[in-house]
Amino acid sequence: MSIYDTLNEQQKRGVFTTEGPVLLLAGAGSGKTRVLTHRIAYLIEELGVSPWNIMAITFTNKAAGEMKERVENLIGMGAESIWVTTFHSSCVRILRRYADRLGYDNSFTIYDTDDQKAVMKDVCKRLQIDTKTLKERAILSAISSAKDELISPQEYELKAMGDFRKQKIVQAYKEYQLALKKNNAMDFDDLIVKTVELFKADSEVLGSYQKRFKYIMVDEYQDTNTAQFELIRLLADANRNLCVVGDDDQSIYKFRGANIRNILDFEQVYPEAEVIRLEQNYRSTQNVLDAANAVIRNNKGRKSKTLWTDKGEGNRLHFRQFDNAYEEAEFIADDVARKKREAAADYGDCAVLYRTNAQARILEERFIIEGIPYDVVGGTNFYARREIKDLLAYLKTIDNGRDDLAVKRIINIPKRGIGAATIAKVQDYADMREISFYDALRQADEIMSIGKSAAKLKPFVTMIQSFRSKLEFYGLEDLIKDVIETTGYVAELEASDEEDAENRIENIDELISKIVAFEEVHDQPTLGEFLEEVALVADIDRVEDDSNRVLLMTLHSAKGLEFPHVYLAGMEDGIFPSYMTITSDDPDEIEEERRLAYVGMTRAKEDLTLCYAKMRMVRGETQMNAVSRFVREIPEELMDNRPPAPRFRPMDVPSSQFTPAEGQVYKYKPTATLMPKRTAAENKPFIAGGIGSLNAPGINKGVGAVTGGKPDYDAGDRVRHIKYGEGTVTDLEPGPRDYKVTVDFDDAGQKIMYAAFARLNKI
DNA sequence: TAGTTGGGTTTTTTT
DNA sequence: AACCCAACTA
């Protein structure tokens, strides 16, 4: 009995076909991760390949971590030297070693979207580009697309002939790259592009990696872009042992440059490629699969395949119709609660998927009201949140003062009376001497033009220097706490009456936890390593599988995941498929949306619920939308309710026309298929344009003490938190203006928070 | 310089 | 609705 016996025939072929190029067309839920992990195990255990010679590229850090773990479970020790990473992490690893050969310093920093925008703003100012007509964002996205296609500024210039707009973009592109280089920084796209550049320019380096990576595997291959493909092609060129795994039906990242041709044309590029299809689905019931197949069948130009399962039919899909998004949210929350009550599902078995991040808010509000533990994935990346970026900017500045952007970010946070004028003068001085902004600050006395403002800069420099010297003696955890304490960052938040101050503080606590965790995992944790690790994490990487909370996320984020119970919210034409793709004259766009629908539906193992709201507030105006065409593409016999037939459809109606005074709301009473039961109080008419009862002041205030007095619990007590669930208080200490409470939560682990914000309830 | 206000814009999706 | 930015006031 070997570990390979449990694989089906196709999977076995995928595992045992180790030499030469292999295209593994793996339908949703067909066990591709199993094939990949077994393939790695087979290479190592049966063929005697050194783990060191294997590279597996995944889409997210989370997927990489899981794969590594599963390989470890299969072969025991020895898995740590396999490269299992994302494209971006691999490239950083390579560039940290060789970036100097491209004229960068090996300690380059990585710029995120915010940083890019800041640089571009500056570039536009210098080039006198009118950002009213040509937005920074548009320029950046043009540059990003160019980089995805490996188009250099020079090549772009050739294409820009006679096109004024493009010529402006070329100028900006060139200037932007110069600025990045000057700051010794790379953006996300550069990580790939520069690595390809390095490989092409330096055959010695390329040769060494080719020699090392004898077996290369790429997961989610349908979502690779041209630059990534080129990277892989170069790496695999010597041995040609390249196994790509993907599903053209799940290609959903065209907007990010994913080139679906990479998978469709694989056999042209590698004529000797073996093509293996995995069509048996081990995840979903037949009904779910039939529905998903019926939808995706409407796409043209796909590699035909039909998923099947030997699981039973299962439940029919649920279709539910609502008047508005609030009722939709209420139903979903109620339904989850019902399933939990009836022991049909636990919280962690449920996921709510939607097209746009904005849809999360209403759902979230409802989940809070009903006290259902949940987690929202995505939106703004954790590390892109203001408070986190602020603190990270401190850490970056302490680590090395070379990141001008970071220094400028925090120089006046919290307020130190240092304004734009002073900053500009310091920058001028820095430019003149060709030194960094921070070094210019250190010489503030020498800068004649700033006059008495120099006195404001000095304490800042002294503070940073003191952090630096203290770093010799204490760890990262002490450092971050010291920064928070010394700057008064949290104290300021605490005192502020900002709506989301509580949330910010929670995020900061989470950051501290992450630093602590980082220090636990690494033998010799350095600040630089922490900052690097943090630069490349996606929001999805942070979700823990065992936290037993309902997950709320976009359809995009859900790729690669599965849940027994899935709710698809906002199944409306104009929302999903999005308005943009409906009105586009490129028919490919709607096909990509359909693939997204396919991805969403195939996340469900047992139970799939499709929700439709007739009226929905989008960007401040009320829209009336028809049922999503994707719902209508599902055979009716697979659903428990028949979606209403399409009728006249005002695409969007100005909210002003929907004041209750004019009574028009009532025209759109539900045509009543199954509506969830609700109490009379809850059944009040929805007021379009208003925010409804859910948003009443105090909604987020939960229960429990809000004042700064001593809480009614103490160390040792059991308490309940609205989000983290139950836990034990391990510490309670008086702070400057509030008690600081440390709780060891059963599910969420240890958290430190301010009592006023934590709103813990003794139980 | 800091804080406020009013006007204009917007992402659909993210490593 | 939410966010960002410029312009204005204190």
Side-chain angles (χ1 to χ4, degrees), chain A residues 57-64 85-92 110-114 116-117 121 131-132 135-138 140-141 144 147-148 187-192 220 223-225 227-228 251-258 325 353-362 377-381 383-384 386 412-423 452-453 456 499-500 535-541 553-559 570 574-584 589-590 592-593 595-597 599-600 616-623 655 689-692 695:
Chain A
I57 297 193
T58 59
F59 203 63
T60 62
N61 296 298
K62 183 173 189 277
T85 50
T86 63
F87 273 103
H88 294 271
S89 311
S90 305
C91 288
V92 172
I110 300 165
Y111 276 1
D112 69 7
T113 325
D114 271 2
Q116 288 180 281
K117 219 174 146 198
K121 222 175 146 182
T131 52
K132 287 264 162 6
K135 307 238 181 323
E136 291 98 335
R137 175 166 294 197
L140 282 169
S141 101
S144 175
K147 288 181 178 175
D148 289 342
D187 64 21
F188 284 133
D189 300 314
D190 278 342
L191 298 176
I192 316 284
E220 306 284 11
D223 286 322
T224 53
N225 62 33
Q228 291 165 334
S251 169
I252 55 173
Y253 280 102
K254 187 168 168 220
F255 71 93
R256 207 170 67 185
L353 312 182
Y354 37 79
R355 181 63 238 268
T356 66
N357 282 304
Q359 289 168 256
R361 235 196 62 220
I362 293 177
V377 177
T380 27
N381 185 318
Y383 292 102
R386 189 175 43 172
N412 200 30
I413 291 180
K415 299 271 182 290
R416 300 188 176 90
I418 303 165
T422 311
I423 291 173
K452 59 183 172 71
S453 297
K456 294 176 182 162
E499 178 82 30
D500 49 354
L536 291 173
V537 303
D539 211 50
I540 190 80
D541 296 333
M553 68 186 117
T554 63
L555 290 148
H556 282 88
S557 301
K559 190 167 72 141
I575 302 291
F576 185 36
S578 85
Y579 182 78
M580 301 288 284
T581 60
I582 295 177
T583 50
S584 162
E589 294 206 12
I590 196 79
E592 173 132 327
E593 293 282 291
R595 291 193 288 271
L596 195 52
V599 168
R616 183 183 297 273
M617 180 95 80
V618 179
R619 278 212 230 114
E621 59 182 350
T622 304
Q623 288 190 359
S655 50
I691 312 188
N695 225 4

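Quick note on labels: first sequence line is chain A, next is B, and so on, each numbered from 1.
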Could you please name the option among B:dT12, B:dT15, B:dA2 that lies closest to any side-chain atom of A:M580?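 My answer, after comparing the listed nucleotides, is B:dT12.
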
Calculate the interatomic distance between [X] atom [atom1] and [N] atom [atom2]; express it in whole Å.
{"X": "A:K117", "N": "C:dC3", "atom1": "NZ", "atom2": "C1'", "answer": "9 Å"}
{"X": "A:Y253", "N": "B:dT11", "atom1": "OH", "atom2": "P", "answer": "18 Å"}
{"X": "A:D114", "N": "B:dT14", "atom1": "CG", "atom2": "P", "answer": "15 Å"}
{"X": "A:R355", "N": "B:dT13", "atom1": "CZ", "atom2": "C1'", "answer": "5 Å"}
{"X": "A:D539", "N": "B:dT14", "atom1": "CG", "atom2": "P", "answer": "9 Å"}
{"X": "A:E136", "N": "B:dT11", "atom1": "CD", "atom2": "C1'", "answer": "16 Å"}
{"X": "A:E589", "N": "B:dT11", "atom1": "CD", "atom2": "P", "answer": "15 Å"}

Listed by chain and number, what are the salt bridge (charged side-chain N to carboxylate O under 4.0 Å, His left out) partners of A:K62, not counting sequence neighbours?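 Salt bridge (charged side-chain N to carboxylate O under 4.0 Å, His left out) check on A:K62 returns A:E66, A:D545.
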
Parallel, tilted or perpendicular: rings of A:F255 and A:H556 (30°, 60°):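 A:H556 and A:F255: perpendicular rings.
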
Under 4.0 angstrom between [X] side-chain N/O and [N] OP1 or OP2:
{"X": "A:R619", "N": "B:dT12", "result": "yes"}
{"X": "A:T422", "N": "B:dT1", "result": "yes"}
{"X": "A:N412", "N": "B:dA2", "result": "yes"}
{"X": "A:T554", "N": "B:dT14", "result": "yes"}
{"X": "A:N357", "N": "B:dT13", "result": "yes"}
{"X": "A:R361", "N": "C:dA2", "result": "yes"}
{"X": "A:R137", "N": "B:dT11", "result": "yes"}
{"X": "A:S557", "N": "B:dT14", "result": "yes"}
{"X": "A:K121", "N": "C:dC5", "result": "yes"}

Select base, sugar-phosphate, or nothing to describe what A:K415 touches, counting heavy atoms under 4.0 Å on all strands.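 The residue A:K415 makes sugar-phosphate contact but no base contact.
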
Which part of the nucleic acid, if any, lies within contact of A:F87, taking any heavy atom under 4.0 Å across all strands shown: a base, the sugar-phosphate backbone alone, or nothing?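 If one applies the 4.0 Å heavy-atom cut-off, A:F87 turns out to touch nothing in the nucleic acid.
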
For A:F255 and B:dT13, say yes or no: do the ring centres fall under 5.5 Å of each other while the ring planes differ by less than 30°?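 According to the criterion (under 5.5 Å, under 30°), yes, A:F255 stacks.
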
Do A:S584 and A:T581 have a side chain donor and acceptor closer than 3.5 Å?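 No - no donor-acceptor pair under 3.5 Å links their side chains.
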
Main-chain N/O of A:N381 paired with A:D539 side-chain donor or acceptor, under 3.5 Å: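 No; zero donor-acceptor contacts below 3.5 Å.
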
ring-ring contact (aromatic ring centres under 6.0 Å, His included) partners for A:F576, two or more places apart: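 Scan of A:F576 (ring-ring contact (aromatic ring centres under 6.0 Å, His included), adjacent residues dropped) gives A:F630.
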
Nearest heavy atom decides the nucleotide; on that basis, is A:K132 or A:E593 closer to the 5' end of DNA chain B?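 Whichever sits nearer the 5' end wins; that is A:K132.
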
